[in-house]
Amino acid sequence: MPDYNNNYSRRRFLTQSSLGLLAVSGMPGLLNAMEGMQAMPKIAPRKASPDFKPDVDIELLCKSAAVPILVGKETQVMQYSAKLLQGPKGTVAEIPGSYLGPIIRLQKGQKVRIHLQNGLSEPTVTHWHGLHVPAEMDGHPLYAINPGEQLVYEFEVLNRAGMNIYHPHPHETTAKQVYHGLAGALLVNDDEEAALELPSGDYEIPVVIQDRLFDVHNQLIYARGMHDRMTGFYGDRILVNGRADFQIDVDSRAYRLRFMNGSTARIYKLGWDDGTPMTVIGVDGGLLEKPETKPYIMLAPGERLDVWADFSGRNEGSQLVLRSLAFSGVLPKMGMMMHTSSLPVGSDYPIFTARVTRKVSDSPKLPSSLSKIKWYKTADTANPNSPVPIAISEGHMAMLLNGRPYAYNDVQPSERIPVNSIQLMEIFHAHGGGHGKQTANDGQGTGHQGGGMGMGMGGMRHGGMGMGGMGGGMGMMMTMAHPIHLHGQSFQIVSRSIDAGSEDDYATVREGFIESGLKDTVLVMPGEKVRIIKPFQDFKGLFMYHCHNLEHEDMGMMRDFLVE
């Protein structure tokens, strides 16, 4: 572990943030009752360290721009642009015709310096979603910079090969900035992946899927009212790589499609229109150990999928349409009534078309073995009989984790994690009565133990008003699917279980989950309980966990782990 990385002590953090400490200590009850904490302490923007010798040096600018998306008037967006100051050719590559940020391609072991420049009219900060970096490099809202300021990130690439995301993470405005265009793909490569000789160059295609809503002047519409925030915001037009009516021309051979869900809320059930199975070779945290074939695959906001798409044997002129197939259960009945988009969640609609334009005879073969993954057992965790709780609940005008909205310096006992420990965690819905029956065998008992939470979980289990705000009956009516993202290292999924009464909806999605890879975001369906094992190695400090339905994050469904 590089010695420059571990200087983020709790003492330094609290010293730099004394203003926030005073505010929180004076009014904890009031602040916890708010949707989110308005007063986020300001930390002076970090400057470049003279002792850090980068292999890659990039200027990354956030700016406003006008870009062509639909026919007619250009659309006003927020946009990342990048300039490579030092590093291998191909480190930064634009996506042709796209408002999305350029693809940043890094190699495991590289030392990277990124100068983030804020050319917007509002504060911003960039989070490296999926990267294992020190807390002060992770893009916590504490480090947001004002217009005209610059923040310097310096870190070593510790990740295995995989597709990660860079996107803004300012307090309570993350969704708006992502929706208006601030997002990009960050690819890490390593020697293990290179030895496979997977499709590359023109045969490796990023597929960033987003839904957007435009007015008659081609301008983006966002969050028209509270109902758009409670269920998440949904557009009525699908964009791929920032382009409408996306189509790719392919040869009759194998391709590597690198999927990312860049929507703020929409969940996709991806499948080919002719029933061809989907072959998955990787997920959020990189390659699987071996390929998995699924009839369809689920993709929630913040998740990534690495798909082997083989067009061999298809005739020139033939086409294949990737669709989002029909499914149910991700929104509550109340939410479905409020959801008025002409592209309903869970309906069947096209994503893009692949058209075979050239017949070729050569194509790479799908490897039977892809990678080696270090797996942990429940017995390897520091808390095998007392999982760290992540309790989801939807309150009145607020979204909560462990019964609390986000507030700075509100770390609870269960959120204090020893550094260099392996933790068993349990993500569940906290409405009206228990945690569901454990159906998968992970070698553990059936009871959830709250991990020493100061406030306890009993009130939420019994549907009390408390911080849950709506009681058991109303809470159940509002229960919806949540993609939960944990910052820092990737985790493994140990088990999934579903409550009685939720099986019918769950049956429409259950075959689309990939359990055999490393994840940083997991979709938790209504009535579902997910157990995961997550390492907290190398770095101390604050690391967020939150719903990646970004409207929910901005409404308070976000908390901090303090690794110490």
For the side chain of Ser421 and the backbone of Pro418, is there at least one donor-acceptor N/O pair under 3.5 Å apart? yes
When you measure from the side chain of Asp560 to the backbone of Val411, do you find a donor-acceptor pair of N or O atoms at a distance under 3.5 Å? no
Test item: Asp273 side-chain N/O and Val321 main-chain N/O as donor-acceptor pair under 3.5 Å: yes
Partners of Gln107 by side-chain contact (heavy atoms from CB on, under 4.5 Å), sequence neighbours excluded? Gln110, Asn189, Asp191
Any Lys/Arg nitrogen of Glu564 or Lys540 sitting under 4.0 Å from an Asp/Glu carboxylate oxygen of the other? no
Holding to side-chain hydrogen bond (donor to acceptor under 3.5 Å, both in side chains), I want the full list of residues that pass it with Glu503, two or more places apart in sequence or in another chain. none
Nearest heavy-atom contact between Pro387 and Asn385 is CD-C, 3.8 Å
Under 3.5 Å: donor-acceptor pair, side chain of Asp228, backbone of Tyr234: no
Is Glu193 salt-bridged to Arg160, cutoff N-O under 4.0 Å? no
Determine the minimum heavy-atom distance between Ser490 and Gly285, stating which atoms define it. OG-CA, 3.8 Å
Arg531 and its side chain to side chain contact (heavy atoms under 4.5 Å, CB included) partner, picked from Gln492, Met425, Arg496, Glu426: Glu426
Could you measure the distance from the CG atom of Leu401 to the CE atom of Met399? Nearest 0.5 Å is fine. 10.5 Å
Thr276: what forms a side-chain contact (heavy atoms from CB on, under 4.5 Å) with it, not counting sequence neighbours? Trp272, Asp274, Arg314
Any carboxylate oxygen within less than 4.0 angstrom of a Lys/Arg side-chain nitrogen, looking at Lys529 and Asp499? no
What pair of heavy atoms forms the shortest contact from His140 to Val125, and how long is it? O-CG1, 4.0 Å
Sequence neighbours excluded, the answer for salt bridge (Lys or Arg N to Asp or Glu O under 4.0 Å) partners of Lys176 is Glu122
Looking only at side-chain N and O atoms, does Glu292 offer a donor or acceptor that is under 3.5 Å from a partner on Ser516? yes
Whether the Glu551 and Thr264 side chains hold a donor-acceptor pair (N or O, under 3.5 Å, no angle test) is what I'd like checked. yes
Hits for side-chain hydrogen bond (donor to acceptor under 3.5 Å, both in side chains) against Asp348, two or more places apart or cross-chain, chain-then-number order -> Arg323
Mind checking whether His548 and His485 have parallel, tilted or perpendicular rings, split at 30° and 60°? perpendicular
Before we go on, tell me: are the rings of His169 and His129 under 6.0 Å apart, centre to centre? no
When you check the gap from the basic side-chain N to the acidic O, do Glu415 and Arg559 get nearer than 4.0 Å? yes
Grab the two heavy atoms, one from Ser328 and one from Thr508, that are nearest each other, plus how far apart they are. N-OG1, 3.1 Å
Residues that Tyr179 engages under ring-ring contact (aromatic ring centres under 6.0 Å, His included), provided they are two or more places apart: Tyr222, Phe233
Rounded to the nearest 0.5 Å, how far does CZ of Phe513 lie from NZ of Lys519? 9.0 Å
Side chain to side chain donor-acceptor pair (under 3.5 Å) with Thr126: of Tyr80, Tyr143, Tyr153, only one passes, and it is Tyr80
How close do Thr381 and Gln423 get, heavy atom to heavy atom, and via which atoms? CG2-C, 4.1 Å
Could you label the plane-to-plane angle of the Tyr349 and Tyr268 rings as parallel, tilted or perpendicular, counting under 30° as parallel and over 60° as perpendicular? perpendicular
Have a look at Leu186 and tell me which of Val112, Ile103, Ile165, Leu131 forms a side chain to side chain contact (heavy atoms under 4.5 Å, CB included) with it. Leu131
Any chance the rings of His171 and Tyr408 have centres within less than 6.0 Å? no
Could you pull out all residues at least two apart from Ala254 that satisfy side-chain contact (heavy atoms from CB on, under 4.5 Å)? Trp308, Asp310, Ser363, Pro364
Give a yes or no answer on whether the side chain of His429 reaches the backbone of Met525 with a donor-acceptor pair at less than 3.5 Å. yes
Whether Arg105 and Glu204 form a salt bridge (side-chain N of Lys/Arg under 4.0 Å from carboxylate O of Asp/Glu) is what I want to check. yes
Can you name the closest pair of heavy atoms from Thr479 and Pro526 and give their distance? CG2-CB, 3.7 Å
Suppose we screen for side-chain hydrogen bond (donor to acceptor under 3.5 Å, both in side chains). Which residues come up paired with Ser347, at least two apart in sequence or across chains? none
Hey, would you say the His127 and His487 ring centroids sit under 6.0 Å apart? yes
So do the side chains of Leu424 and Val388 get within less than 4.5 Å of each other, counting heavy atoms only? no
Hey, does Val283 have a side-chain heavy atom less than 4.5 Å from the side chain of Leu305? yes
Check the side chains of Asp211 and Ser263 for a donor-acceptor pair under 3.5 angstrom, ignoring hydrogens and angles. yes
With the side chain counted from C-beta on, respond yes when Val188 and Asp190 share a heavy-atom pair under 4.5 Å apart, and no when they do not. no
With His552, which of Arg229, His482, Glu394 fulfils side chain to side chain donor-acceptor pair (under 3.5 Å)? His482
Measure the shortest side-chain to side-chain distance between Pro168 and Val178 over non-hydrogen atoms and say whether it is less than 4.5 angstrom. yes
Side chains of Ile104 and Leu187: closer than 4.5 Å at any heavy-atom pair? no
Do Pro291 and Leu370 touch side chain to side chain, with heavy atoms closer than 4.5 Å? yes
In Å, rounded to the nearest 0.5 Å, how long is the span from NZ of Lys534 to CG of Leu518? 10.5 Å
When rounded to the nearest 0.5 angstrom, what distance separates CG in Asp554 from OG1 in Thr174? 5.0 Å
Can you list the residues that meet the side-chain hydrogen bond (donor to acceptor under 3.5 Å, both in side chains) rule with Tyr296, with sequence neighbours excluded? none
According to ring-ring contact (aromatic ring centres under 6.0 Å, His included), who are the partners of Phe352, at least two apart in sequence or on a separate chain? none
So, do Cys547 and Ile484 sit near enough that their side-chain heavy atoms are less than 4.5 Å apart? yes
Report yes if some heavy atom in the side chain of Ile533 is under 4.5 Å from a heavy atom in the side chain of Thr378; otherwise report no. yes
If you measure from NE2 on His132 to CG on Asp138, what distance do you get to the nearest 0.5 Å? 10.5 Å
Nearest-0.5 Å distance, CD1 of residue Ile514 to CG of residue Asp306: 11.5 Å
Check side-chain contact (heavy atoms from CB on, under 4.5 Å) between Glu289 and all other residues, then give those that pass, not counting sequence neighbours. Ile373, Trp375
Sorted by chain and number, sequence neighbours left out, ring-ring contact (aromatic ring centres under 6.0 Å, His included) with Phe536 holds for Phe561
